[in-house]
Each structure stands twice: as C-alpha cells, then as structure tokens.
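Reckoned from all heavy atoms, side chains included, excluding hydrogens, waters and symmetry mates. Since the model is a prediction, treat every value here as computed from it, not as a measurement.
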Amino acid sequence: MLWGAHVGSLELRTEGGETRLRATFPYGRETVLAERMGAGRERREMIAARAFADRLERGEDVHFLSGHDFNKPLASRSAGTLTLTDTDEALTVEATISAGMGGVSYVRDFLSAHAAGLVRGLSPGFRVRPGGETVEERGDAILRTVKAADLIEISAVTKPAYSQAQIEARNWQPVAAVAQRVVARHPAIRWR
C-alpha cells in the first residue's frame, strides 16, 4: 500500500466524553516527495479531484488510523464512526471516538499527542488502480498525478509525507520513456 500526504487541517473537539474529529485532505495540490539530490530529479505527486470516488461511492469500508497502523484504529465506516465526504476540492473526514475508546492506551496517546500539537497531519493510505496515474516530466522534476485509487485508510500523522520505501517502490519515469527502454532491450515484450 502507498501513502499520500498533505498537511490539510485536523481539528478535535471533546464533548460529553466523546471526541469528534474533522479533517480535510485537499485535492489538486502538488507535494514534494523527494528533493533533488545531486544529478537526480525532484519527485512530486498530486492527488486529482475525486481520485478516491469509486470505492467511496460503493460504500466500502475505510478506517481512520493513528499513524497508518491497523492495530491502532480510531474509527471506521463499518462501525458507523467515520464519515467521508468527497468533493472536487477535498476529501472531508469526520470521525467520532467514543468515550469507551478513550480508555484505550493508543487512543489516549493519540489524543495527548494531538493536544500537545505533535499530530496535526492527515495522510491517506491507498492503492493506485490500473491506469489510474500519469507521470510527466516538468523541467528538473517528475510529477506523478494519481487520478484513480482505492482509499483503504486515512491516518492522523506527525509528519504528512511519503517515506523513502514507498517512493522507491514506484515507477518515477514517464511511461513513454519506460516503454522505449523496455522495447529497446526486449522487443518481444508488450505492455498490457
């Protein structure tokens, strides 16, 4: 699974023992994933408007997690504690953490870290659908635009950015350049 990130906004309010969270993940904003180093290129990514729409419109389950850890769930659609609203501008997240969950250690840790100003970012975990991305050259940078992806989870994080492991797992070359190199080396190979 690949994680996307943007600072967005993250707000918590506690009333009657219940904590309500509201956050936004704006679409159409470029994020620098890797700075240019040496002769390398800067790598950027952008999530297009409604890139997550298909799975969301089907009503499939999505989890709200602490730090992309499925062992630290805070809310989910199937539990009725997570609402996701998808518009052309942003994905809006509304989660309710029940008073009973307030006794769970990782929930207390999350709430304390947020109160201290340490957890302010929002980061979606998703799988890009086949054909759901474009990669293009932009001067000394490469921009990957995610146009269709399955949102699996969305997390509250300390630093909303891709880790090096996910970046390395991606093809950061424009599709045409990759095809030319592969065909030049192996003419029998055809893209599917």
Side-chain angles (χ1 to χ4, degrees), residues 1-33 44-129 132 145-163 166:
M1 182 171 332
L2 306 174
W3 289 284
H6 191 278
V7 175
S9 65
L10 183 65
E11 175 187 330
L12 291 175
R13 293 181 184 207
T14 301
E15 301 170 9
E18 211 174 63
T19 301
R20 294 182 184 199
L21 175 137
R22 182 174 166 85
T24 57
F25 179 83
Y27 291 130
R29 308 255 177 101
E30 288 185 24
T31 301
V32 176
L33 301 177
R44 296 178 161 264
E45 184 164 79
M46 178 173 57
I47 308 295
R50 297 188 185 263
F52 305 129
D54 185 60
R55 193 162 191 270
L56 295 178
E57 289 171 2
R58 288 194 318 255
E60 293 188 28
D61 198 16
V62 175
H63 288 79
F64 182 68
L65 307 174
S66 179
H68 294 294
D69 188 342
F70 275 94
N71 291 315
K72 296 180 179 178
L74 300 169
S76 74
R77 289 177 98 185
S78 64
T81 55
L82 179 64
T83 303
L84 301 170
T85 306
D86 197 28
T87 67
D88 288 338
E89 291 76 38
L91 175 67
T92 301
V93 178
E94 295 180 72
T96 301
I97 301 171
S98 69
M101 285 290 290
V104 177
S105 62
Y106 69 83
V107 174
R108 285 192 316 266
D109 293 345
F110 163 69
L111 294 174
S112 295
H114 183 272
L118 300 173
V119 177
R120 297 286 189 206
L122 191 64
S123 178
F126 57 89
R127 287 188 197 108
V128 177
R129 302 181 112 211
T145 302
V146 176
K147 296 180 177 183
D150 292 327
L151 182 67
I152 308 302
E153 55 89 9
I154 194 153
S155 289
V157 295
T158 57
K159 183 178 179 189
Y162 291 89
S163 72
Q166 280 80 32

Specify the closest pair of heavy atoms between [X] and [Y], including all atoms of both residues, with the distance to one decimal.
X      : Y      : result
Ala149 : Phe126 : CB-CD1, 3.7 Å
Phe64  : Ala95  : CD2-CB, 4.4 Å
Val107 : Gly102 : CG1-CA, 4.2 Å
Val93  : Leu82  : CG1-CD1, 3.6 Å
Phe52  : Asp86  : C-OD2, 4.4 Å

Checklist entry - Who passes side chain to side chain contact (heavy atoms under 4.5 Å, CB included) against Thr96, sequence neighbours left out? => result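 Here the qualifying residues are Glu18, Arg20.
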Item to check | side chain to side chain contact (heavy atoms under 4.5 Å, CB included) partners of Ala79, counting only residues at least two apart | outcome: Ser76, Thr81
Inter-residue atom distance [X].[atom1] - [Y].[atom2], 0.5 Å rounding:
X      : Y      : atom1 : atom2 : answer
Lys72  : Phe110 : NZ    : CZ    : 11.5 Å
Glu153 : Ser123 : CD    : OG    : 7.0 Å
Ser66  : Ile97  : OG    : CD1   : 9.0 Å

Item to check | Partners passing side-chain hydrogen bond (donor to acceptor under 3.5 Å, both in side chains) against Thr145 (at least two apart in sequence or in another chain) | outcome: none
Checklist entry - Does anything in residues 103-112 pair up under side-chain hydrogen bond (donor to acceptor under 3.5 Å, both in side chains), and if so which pairs, sequence neighbours excluded? => result none
Item to check | Pairs satisfying side-chain hydrogen bond (donor to acceptor under 3.5 Å, both in side chains), at least one member in residues 46-59, at least two apart | outcome: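 For residues 46-59, and leaving out neighbouring residues, the side-chain hydrogen bond (donor to acceptor under 3.5 Å, both in side chains) pairs sorted by first residue read Arg50-Asp88, Asp54-Arg58, Asp54-Arg129, Arg55-Glu60, Arg58-Glu60.
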Next on the checklist: Tell me if a side-chain donor or acceptor on Asp61 pairs with a main-chain N or O of Arg77 at a distance below 3.5 Å.
Outcome noted: yes
Item to check | Ser155 (side chain) donor-acceptor with Val157 (main chain) under 3.5 angstrom | outcome: no
Checklist entry - Going through the checks in order, is the side chain to side chain contact (heavy atoms under 4.5 Å, CB included) test met by Ile154 and Leu65? => result CA-CA 6 Å; Ile154 194 153; Leu65 307 174; over 6 Å; no
Residue pair [X] / [Y], side-chain heavy-atom distance below 4.5 Å:
X      : Y      : value
Ile152 : Arg127 : yes
Leu151 : Leu56  : yes
Pro26  : Glu89  : no
Leu84  : Val62  : yes

Next on the checklist: Is it the case that the side chains of Thr92 and Thr24 hold a donor-acceptor pair, with the cut-off being a distance below 3.5 Å and no angle test?
Outcome noted: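 Distance-only check fails for Thr24 and Thr92.
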Next on the checklist: Under the criterion side chain to side chain contact (heavy atoms under 4.5 Å, CB included), I'd like the reasoning laid out for His63 against Phe70: C-alpha separation, chi angles, the key distance, then a yes or no.
Outcome noted: CA-CA 8 Å; His63 288 79; Phe70 275 94; 4.0 Å; yes
Item to check | Result of checking Thr31, Leu91, Val146 against Ile47 for side-chain contact (heavy atoms from CB on, under 4.5 Å) | outcome: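 Of Thr31, Leu91, Val146, side-chain contact (heavy atoms from CB on, under 4.5 Å) with Ile47 is met by Val146 alone.
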Checklist entry - salt bridge (charged side-chain N to carboxylate O under 4.0 Å, His left out): which pairs involve residues 91-107, sequence neighbours left out? => result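 Every salt bridge (charged side-chain N to carboxylate O under 4.0 Å, His left out) pair that includes a residue of residues 91-107, provided the two are not neighbours, is Arg22-Glu94.
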